[in-house]
2 protein chains.
Amino acid sequence: MTSLPSILGGLDPTSDRAVFRQIADQLREAIDRGRFKEGEKLPSEAELVEHYGVSRMTVRNSFSILQGEGLVHAEHGRGVFVRPRPPVRRLASDRFARRHREQGKSAFIVEADAVGSHPTVDSLEVKEEKASQDISTRLGSVRRVLARRRRYLLDGRPVEFATSYLPLDIARGTQIAEPNPGPGGIYARLEELGHQLDHFEEEIRARMPSPSEVKTLQLASGVPVIHLIRTAFDTAGRAVEVCDTVMAADAYVLSYQLPAT
Amino acid sequence: MTSLPSILGGLDPTSDRAVFRQIADQLREAIDRGRFKEGEKLPSEAELVEHYGVSRMTVRNSFSILQGEGLVHAEHGRGVFVRPRPPVRRLASDRFARRHREQGKSAFIVEADAVGSHPTVDSLEVKEEKASQDISTRLGSVRRVLARRRRYLLDGRPVEFATSYLPLDIARGTQIAEPNPGPGGIYARLEELGHQLDHFEEEIRARMPSPSEVKTLQLASGVPVIHLIRTAFDTAGRAVEVCDTVMAADAYVLSYQLPAT
DNA sequence: CTTGCCCACTCGTCTATACGAGTATGCATG
DNA sequence: CATGCATACTCGTATAGACGAGTGGGCAAG
């Protein structure tokens, strides 16, 4: 085992940089340089207290900085560990192409299988409800909507929580209102119902999660979410679905292809 | 002025939820309900110590949670304030359409003017350098590249930091290697040089900023960044430019349009 | 050998105190 | 009236100590 002083330097008492920041800097640098590897345990609070000759709260303060940056995570009773970068799911911009839809399987399942992950869907909920102001606007002033909520997991880890909203006059009484929408998902059903899809619009934001999002996505601290709102338009120019998706940002890379013309 | 007890409740000593979390919960809820409005000052640490009958560190702990969530920010000597949501810039997916390019003005300037903001560009740097592994791969195994770095500001606030990388055999000695690339930007120059643009690929990630990004973007704590990597392809299928962009997530909404076919 | 308990070590929460430094306000001085 | 300083209030940093609770290893009892 390598001794602490060989990895972490000393403090600069002349510096005006706060001690706990100096410690955080040294730990961050050590992690970046690979002196501490992914999943590896950092020195315990007590060891750092010893090494730097500071109080425990100061060390904890340093850790809390690194936690906020998403670099490390603490486990009660075990230690503080370098946060491993989880496998990332790439979302290609053609993921809703009709040819995929015609294959029958849902987009999520297909992709997950492709990378060898075990996909799951839970927290299914399908119900009619009052449309929020925003959803109503996007769907063209509808009052009530059919909401389809579900959570996606990859190898048991929740990565995405999505809600689809559809106007009642389209969805009510159809298979879209059933828990299982059938092969190809609701987009396939929409087209069968005569709503030939023309294009999608996606809006992307990134922000820190709310406490409830932390819970449903089991997010580590320092992990933002990607908030994606997709609106599907049929060839008549009508918005036929709005899908509101919140994704664990450390589990996704979104990919888009744009024409240059 | 409304008294504290009418806005914030008391603690539940029977709850197993940590005191500092309970306080954070109450403050968060008060903010969500609009009891504290944007930009408004929250009760001072001393007042909350008084109100809840806890020690100051406990109150500070609560604040640090809310800071991590990006809900509030502290100003030394003044107080803790509800973080105002800054105006947001929308990036449409057609922002690189040729018709815009032919107008002459850079995309950033045009858009900013449209929303009445005052746009600025600084930290201009243009130089040749060794390509990183990632950039080299994306550009098709080039060794050295021309790098164009710049920072964009809106009404004086830095919102985006971007670096364009171009293969030397394309860019060297052209106006692309000049600080000012001329009307329509480097994409217009590329097309003049015979590299007719075909399409772009954009990769999007969200994560917490590094310390250096916090500095150059002057990010408040609890604000993630959107990391966008765009590759431009010409009609010959060659990658002619890679643009690496880091954006303050609270200043942007990205918008894409996807065909359904 | 297995079971179960103890103990050492870990992080989590909270208190109490001290001093430093930035901000704003009002009052005294010129 | 204007300037400048004193002062009170704000958050920032750091110390020292206490107890709680989760984890894991070792040891003793069965």
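Just the heavy atoms: all of them, side chains too, but no hydrogens, waters or symmetry mates, feed the values below. Naming: A, B, ... by sequence-line order, numbering from 1 per chain.
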### Query
Toward the 5' end of DNA chain C, which comes first, B:F20 or A:G79, by nearest nucleotide?
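Nearest-nucleotide comparison on DNA chain C picks A:G79.
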### Between C:dT13 (P) and B:R60 (CZ): distance, integer Å
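Spelled out: CZ on B:R60 to P on C:dT13 is 17 Å.
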### Query
Atom CE of B:M57 to atom P of D:dG17: distance rounded to whole Å?
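So the two atoms are 17 Å apart, to the nearest Å.
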Side-chain H-bond candidate by donor/acceptor type, [X] with [Y], under 3.5 Å:
| X | Y | answer |
| --- | --- | --- |
| A:Y52 | A:Q22 | no |
| A:S164 | A:R150 | yes |
| B:E202 | B:Y256 | yes |
| B:D134 | B:S132 | no |

### Task
Pick base, sugar-phosphate or nothing for A:F63, based on heavy-atom distances below 4.0 Å to the nucleic acid.
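No contact at all - A:F63 keeps every heavy atom at 4.0 Å or more from the nucleic acid.
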### Query
Contact class for B:R17 (heavy atom, under 4.0 Å): base, sugar-phosphate, or nothing?
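Answer is nothing: B:R17 stays at 4.0 Å or more from every strand.
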### Task
Between A:R56 and B:L42, name the one whose nearest nucleotide on DNA chain D is closer to the 5' end.
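Nearest nucleotide further toward 5': that of B:L42.
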So which nucleotide from [options] ends up closest to the side chain of [X]?
| X | options | result |
| --- | --- | --- |
| B:S55 | D:dT13, C:dC14, D:dG22 | C:dC14 |
| B:T58 | C:dC14, D:dT15, C:dG12 | C:dC14 |
| A:R78 | D:dG24, D:dC11, C:dG12 | D:dG24 |

